[in-house]
Asks: 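Before I ask anything, let me first share the structure, which is written out below as structure tokens.
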Number of protein chains: 2
Amino acid sequence: MSTVTPAKKPTRIQLRNRTRILDAALEIFSQHGYRGATLDQIAAASGLSKPNILYYFDGKEDIHVTLLNQLMDAWLAPLREIDPNGDPLEEILRYVHRKLEMSREFPRESRLFANEILQGAPRIAPHLESGLKSLVDETSILISGWIAEGRLAPVDPRHLLFSIWATTQHYADFDAQVRVLMEDRPVHEGAGQYLDTLYRRLLKP
Amino acid sequence: MSTVTPAKKPTRIQLRNRTRILDAALEIFSQHGYRGATLDQIAAASGLSKPNILYYFDGKEDIHVTLLNQLMDAWLAPLREIDPNGDPLEEILRYVHRKLEMSREFPRESRLFANEILQGAPRIAPHLESGLKSLVDETSILISGWIAEGRLAPVDPRHLLFSIWATTQHYADFDAQVRVLMEDRPVHEGAGQYLDTLYRRLLKP
DNA sequence: AAATTTCTTGACCGATTGGTCAACGTGTGG
DNA sequence: CCACACGTTGACCAATCGGTCAAGAAATTT
């Protein structure tokens, strides 16, 4: 995949520089999209020269794909943490708050993902088909089970997940719009309260 | 603004070609973002030559800005149609369904807007400050009034609007993801039912 | 049908893009 | 301290970008 470390242990320098590059690339890609980002921008942001960046990665696309791969794991983690043995309503609300927290804490990752999906997911489609789909299928079955037991109000599990993703990521992805409309109000605090109310009223059996 | 028709009446040819160009540009811009779209792509999609496109528009940015201007009007229209004298819950639900319908009917417009906001709204910021902000402020006051009268459950009006935008536009903006997870299920039909339940339970006093 | 305006385009341009390469440092194990 | 792999870069390249221009084709007006 990458030029360096075809099968050997990464040097300290390799580890440090690959991290630097990926962090700079995340900043640039999430801000300008794949096509809008340039290697020169990433080079400047990482403090390395352009040829040096190509020494650590096979090219622009390699950097982008590496970022997306790293992202998918972290992005799906909260969904995996839903406890089938916990209280249904509280488990889902915890998931909502965790996703909102990630939206505030990792807005660049959220925008990187949004950009990729907006363009039709050309470089992440395999991950969606495999990792995401099976996890969503499992979670849907879990939620359906909870509903059948009467522990949650009846809703379509998939649309529930869509709405949770949409409402939480909105604060990162549409930050430019939210910022204009909220002026100097405490955005995320109000969002936490609102979303808690929203999903509590929806799901209370 | 544009090269042609500085102050005169537009010819039939001008009207036809400008429409062709804008339609092709909407397709390309919404698919690849501003930076990712090229004039050659727009030229090919519109069936005109590149110099001919530049005869009708001052440049790439002029086309993009023209699209965004047209978009903002149509995008805000449903919000203006909320009737202060109607039934609060039904007015808001009608707004939700109208927005969802637009998401299904005009996904390219939704993605064009999402792309612009994701990049930090560099070319549409003035419209947000002026048109959108005042309209949202008015609507927030209206909703707050309804809540004070006890005709709606108490929620933050601004976060309510955010969640409506997020949940409805999600089906257009994240279509690539939704398509994978819903396979051949009737996506929008289920979405309409789900969102109706969601906001009805949230807002019922 | 001539005159004039509107419309169309092939050829071209400078700038920027992702990527290459040879040459030159630099760290590290023997 | 020396050999050798690792790390770094200035100079360069072909391709593509948005945009220009002069010259010709079509409409429209007279």
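Numbered from 1 within each chain, the chains take letters A, B, ... in sequence-line order.
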Asks: Just jot down the side-chain hydrogen bond (donor to acceptor under 3.5 Å, both in side chains) partners of His127(B), sequence neighbours excluded, or say none.
Replies: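 Here the qualifying residues are Asn69(B).
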
Asks: Output every pair passing side chain to side chain donor-acceptor pair (under 3.5 Å) with a member in residues 77-86 of chain B, not counting sequence neighbours, ordered by first then second residue.
Replies: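 Passing the test, one end in residues 77-86 of chain B: no pairs.
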
Asks: In whole Å, I'd like the distance from the CG atom of Asp62(B) to the C1' atom of dG18(D).
Replies: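 Rounding to the nearest Å, CG of Asp62(B) and C1' of dG18(D) are 13 Å apart.
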
Asks: Just the atom pairs and distances: protein N or O near nucleotides 8-15 of chain C's N or O, under 3.5 Å.
Replies:
| from | atom 1 | to | atom 2 | distance (Å) |
| --- | --- | --- | --- | --- |
| dT8(C) | OP1 | Asn17(B) | ND2 | 3.4 |
| dT8(C) | OP2 | Asn17(B) | ND2 | 2.8 |
| dT8(C) | OP2 | Asn52(B) | OD1 | 3.4 |
| dT8(C) | OP2 | Asn52(B) | ND2 | 3.2 |
| dT8(C) | OP2 | Tyr56(B) | OH | 2.6 |
| dT8(C) | O5' | Asn52(B) | ND2 | 3.1 |
| dT9(C) | OP2 | Ser49(B) | OG | 3.1 |

Asks: Rounded to the nearest Å, what distance is computed from the NZ atom of residue Lys60(B) to the P atom of nucleotide dC17(D)?
Replies: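 Interatomic distance, NZ of Lys60(B) to P of dC17(D): 9 Å.
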
Asks: Which whole-number value in Å describes the distance from Ile42(B) CD1 to dT16(D) P?
Replies: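 Checked: the CD1 to P distance equals 18 Å.
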
Asks: Give a yes/no verdict on a cation-pi contact between Arg104(B) and Tyr171(B), requiring under 6.0 Å between NZ or CZ and the six-membered ring centre and an angle within 45° of the axis.
Replies: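 No, cation not above the ring by the 6.0 Å, 45° rule.
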
Asks: For Arg179(A), does the CZ atom sit with more than 12 other heavy atoms under 6.0 Å from it, leaving out its own atoms?
Replies: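 No, not enclosed.
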
Asks: Tell me, which of residues 24-39 of chain B have any heavy atom that sits under 4.0 Å from an atom in DNA chain D?
Replies: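 Heavy-atom contacts with DNA chain D come from Ala37(B), Thr38(B), Leu39(B).
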
Asks: Whole angstroms only, please: what is the CZ-C1' distance between Arg12(A) and dC6(D)?
Replies: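 These atoms are roughly 13 Å apart.
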
Asks: Measure the CE-OG distance between Met72(B) and Ser130(B) for me, rounded to the nearest 0.5 Å.
Replies: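 Those atoms lie 7.5 Å apart.
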
Asks: Rounding to an integer number of Å, can you tell me how far Leu54(A) CG sits from dG7(D) C1'?
Replies: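 After rounding, the gap between these two atoms is 14 Å.
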
Asks: For Arg20(A) and dG7(D), give me the distance from atom CZ to atom P, rounded to whole Å.
Replies: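 Distance check: Arg20(A) CZ to dG7(D) P gives 13 Å.
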
Asks: Expressed in angstrom and rounded to an integer, what is the separation of Asp40(B) atom CG from dA15(D) atom C1'?
Replies: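 It is 12 Å, rounded to the nearest whole Å.
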
Asks: Sort and list the pairs that fulfil salt bridge (charged side-chain N to carboxylate O under 4.0 Å, His left out) and have at least one residue in residues 37-52 of chain A, not counting sequence neighbours.
Replies: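 Sorted result for residues 37-52 of chain A: Asp40(A)-Lys50(A).
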
Asks: Which residue pairs pass the salt bridge (charged side-chain N to carboxylate O under 4.0 Å, His left out) test when at least one of the two sits in residues 110-126 of chain B, sequence neighbours left out?
Replies: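 Qualifying pairs, neighbours excluded: Glu61(B)-Arg123(B).
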
Asks: Fit a plane to each ring of Phe162(B) and Trp165(B), take the angle between them on a 0 to 90° scale, and name the class: parallel (under 30°), tilted (30 to 60°) or perpendicular (over 60°).
Replies: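 Plane angle between 30° and 60°, so tilted.
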
Asks: What's the CG-P distance between Leu15(B) and dT6(C), to the nearest Å?
Replies: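 Atom-to-atom, Leu15(B) to dT6(C), this comes out as 16 Å.
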
